[in-house]
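Below, all heavy atoms of this structure are taken into account, side chains as well, without hydrogens, waters or symmetry copies.
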Amino acid sequence: MSNLTLKRLITHGIDLTQAGPTTFDRLMPLHTVPQEVRDFFISHIESALVAKQVQACIFSEEHASVLIDCVEIAADLTDDQVFIDNSKNMTQLLFNAMYAASTTSSGTLMFLQYFDARTNSDYLAILKMDPNKGIQLDLINYQFKVQKDMLPSVNEKLHKCAFIKLDENLYDEEMHLRVLDKQQLTGEVSKFFLKTFLGAEIVINDKAMTELVGKKLSEFGVAENIVIDPKQILDFNYKIDNILSDGREVDLEADLESLFKTYIPGDADRLHKIESFKQKLLSEKENAYYQFTANKKQTVAFFADSNNKIKIQFPVSYQDHSVFVDYEDEEDGSKTTVIRIKGVELKQKFK
């Protein structure tokens, strides 16, 4: 079941062969929108929110046009006229930005207000949808036309979209919006959506992301029974440490695929775990993102008995190179921990 609920929708047309956009003066009644289309929007929003290319962003300055429009909408979430007027303002702004950037990528611009149960907040999704044969906006009757069995697959990614929290004090927040701004067509000018239209810039905190992924991924492996016995857990954390080695370019989607493949052989099960982990990151930190440069100290493996009277620790990178840990079953049912340290002569110390 989705965490998102659609509340309001308005859509406008952008045809760059015309003098201006085609805008509408009324909301699209949600009850007239086919359920398959509403499901399509929800699934695409959810996919875009955890896409590896999505960026946590802030508005570059407090008087950014899109920010002002969103703050006015947030001031009264029941005022339909403000929602309509401000969506038209933003459509004209995007039309101007696209025209100035010499892009030829016409399409439909959709403004969807949705509620996210995870954060208990309302958001505005701005989706630029390129023309396709599966779902089309009928500009005459102002309704969606769906070609039978031709609705785009949920695997088809959105290329330009923004998700903005509807908060009157948004500019004071650590993060203002999440943006996906990918080039789709050869020769298309990159980043006009992010910079020229939204007036936004990317917020980068790779150290915080490295620490969050390391901590949550280690917990996730145990909680989801991906790894069970102590040797598996140690091996799992060793691999996490390699993924997050300082200075490495992390592509979380690809790296999780590689990491989980050893433990989860089924493709569908593995994909489900990857998406579940990305959702957990987003729930934990609203400005999480999925491509970053690792910035971390070396992870230390720590072994101790239940009373912490016997302790041993070493850099996790030493595992299976200098330090070898194994477990043996005794006849009385107890476990014996066998630690072999290669090429090192330990000296006894007291304190």
>> Under the criterion side chain to side chain contact (heavy atoms under 4.5 Å, CB included), I'd like the reasoning laid out for Asn287 against Glu174: C-alpha separation, chi angles, the key distance, then a yes or no.
In response: CA-CA 8 Å; Asn287 59 349; Glu174 179 185 0; 3.3 Å; yes
>> Keeping Lys52 on the side-chain end and Gln291 on the backbone end, is there a donor-acceptor pair under 3.5 Å?
In response: no
>> Applying salt bridge (Lys or Arg N to Asp or Glu O under 4.0 Å) to Lys216 and Glu284, what does each step give before you reach the verdict?
In response: CA-CA 9 Å; Lys216 291 300 174 182; Glu284 179 74 19; 3.5 Å; yes
> Side-chain heavy atoms under 4.5 angstrom apart, residues restricted to Ile, Leu, Val, Met, Phe, Trp, Tyr: same cluster for Ile204 and Phe292?
Replying inline: yes
>> Any side-chain to backbone donor/acceptor pair from Ser334 onto Glu330? Under 3.5 Å, distance only.
In response: no
>> Run Ile84 and Lys88 through side chain to side chain contact (heavy atoms under 4.5 Å, CB included) and show every step you take.
In response: CA-CA 6 Å; Ile84 293 166; Lys88 290 166 65 177; 4.0 Å; yes
> Between atom CG of Leu27 and atom NZ of Lys7, what is the distance when rounded to the nearest 0.5 Å?
Replying inline: 13.0 Å
> Taking NZ, NE, NH1 and NH2 as the nitrogens, is one of them in Lys239 or Asp235 under 4.0 Å from a carboxylate oxygen of the other?
Replying inline: yes
> Closest heavy-atom contact between Met209 and Ala288?
Replying inline: SD-CA, 3.7 Å
> Are Tyr327 and Val338 connected, step by step, through hydrophobic side chains (Ile, Leu, Val, Met, Phe, Trp, Tyr) whose heavy atoms are closer than 4.5 Å?
Replying inline: no
> If you measure from the Lys or Arg side-chain nitrogens to the Asp or Glu carboxylate oxygens, is any gap between Lys261 and Asp267 under 4.0 Å?
Replying inline: no
>> Checking Arg8 against Asp80 for the salt bridge (Lys or Arg N to Asp or Glu O under 4.0 Å) test, could you report, in this order, the C-alpha distance in whole Å, the side-chain angles of both residues, the deciding distance, and whether it holds?
In response: CA-CA 9 Å; Arg8 290 191 292 191; Asp80 289 343; 2.9 Å; yes
>> Please tell me whether Glu173 and Asn169 have a donor and an acceptor in their side chains that are separated by less than 3.5 angstrom.
In response: no
> For Met28, which of Leu112, Val33, Ile10 qualifies under side chain to side chain contact (heavy atoms under 4.5 Å, CB included)?
Replying inline: Val33
> What's the verdict on salt bridge (Lys or Arg N to Asp or Glu O under 4.0 Å) for Glu328 and Lys335, showing C-alpha distance, side-chain angles and the deciding distance?
Replying inline: CA-CA 6 Å; Glu328 294 180 355; Lys335 289 273 188 182; over 6 Å; no
>> Once rounded to the nearest 0.5 Å, what's the spacing between atom CD1 of Ile42 and atom OG1 of Thr5?
In response: 7.0 Å
> Can you tell me if Thr196 uses its side chain to pair, donor with acceptor, with the backbone of Phe193 under 3.5 Å?
Replying inline: no
> Checking side chain to side chain contact (heavy atoms under 4.5 Å, CB included) for the pair Leu194/Cys57: CA distance, chi angles, key distance, verdict?
Replying inline: CA-CA 9 Å; Leu194 171 69; Cys57 299; 3.8 Å; yes
> With a 4.0 Å cut-off, would you call Lys215 and Glu219 a salt bridge?
Replying inline: yes
> Going by an N to O cut-off under 4.0 Å, is there a salt bridge joining Lys195 and Glu201?
Replying inline: no
> Under 3.5 Å, side chain of Asn307 to main-chain N/O of Lys309, donor-acceptor pair present?
Replying inline: no
> What ring-ring contact (aromatic ring centres under 6.0 Å, His included) pairs are there with at least one residue in residues 48-73, not counting sequence neighbours?
Replying inline: Phe59-His176
>> Could you measure the distance from the CE atom of Met90 to the CD atom of Gln92? Nearest 0.5 Å is fine.
In response: 13.0 Å
> Between Tyr290 and Leu281, is a side chain to side chain contact (heavy atoms under 4.5 Å, CB included) present by the stated rule, with each step listed?
Replying inline: CA-CA 9 Å; Tyr290 308 105; Leu281 283 184; 4.1 Å; yes
> Is a donor on one side and an acceptor on the other found under 3.5 Å between the side chain of Ser121 and the backbone of Thr119?
Replying inline: yes
>> Over 60° means perpendicular and under 30° means parallel, so tell me whether Tyr114 and Tyr123 are parallel, tilted or perpendicular.
In response: parallel
>> To the closest 0.5 Å, what do you measure between OG1 (Thr262) and CD1 (Ile226)?
In response: 11.5 Å
> Do Ser47 side-chain atoms and Ser43 backbone N/O form a donor-acceptor pair below 3.5 Å?
Replying inline: yes
> Among Leu77, Leu9, Leu124, which residue meets the side chain to side chain contact (heavy atoms under 4.5 Å, CB included) test with Phe83?
Replying inline: Leu124
> Can any side-chain N or O of Thr91 pair as donor or acceptor with the backbone N or O of His12 at less than 3.5 Å?
Replying inline: no
> Does Leu6 share a hydrophobic cluster with Phe111, counting links as ILVMFWY side-chain heavy atoms below 4.5 Å and allowing steps through other members?
Replying inline: yes
>> Are Leu252 and Phe260 connected into the same hydrophobic cluster when the rule is that any two of I, L, V, M, F, W, Y join if their side-chain heavy atoms are below 4.5 Å apart?
In response: yes
> Can you tell me how far NZ of Lys311 sits from CD of Gln313, rounded to the nearest 0.5 angstrom?
Replying inline: 9.0 Å
> Would you say Ser218's side chain and Gly214's backbone share a donor-acceptor pair under 3.5 angstrom?
Replying inline: no
> With distance as the sole test, does Thr11 use its side chain to make a donor-acceptor pair with the main-chain N or O of Leu109 at under 3.5 Å?
Replying inline: yes
>> Evaluate Glu286 against Arg178 for salt bridge (Lys or Arg N to Asp or Glu O under 4.0 Å), listing each step before the verdict.
In response: CA-CA 9 Å; Glu286 193 177 1; Arg178 297 171 69 78; over 6 Å; no
> Taking 4.0 angstrom as the limit, do Asp122 and Lys165 come out as a salt bridge?
Replying inline: no
> Between atom CD1 of Ile73 and atom CG of Leu166, what is the distance when rounded to the nearest 0.5 Å?
Replying inline: 6.5 Å
> Hey, is the main chain of Lys160 close enough, under 3.5 Å, to the side chain of Asp181 for a donor-acceptor pair?
Replying inline: no
>> Would you say Leu177 ends up clustered with Leu93 if hydrophobic residues are merged whenever their side chains have heavy atoms under 4.5 Å apart, either directly or through other cluster members?
In response: yes
> Side-chain donor-acceptor pair under 3.5 Å between Asp206 and Tyr289, yes or no?
Replying inline: yes
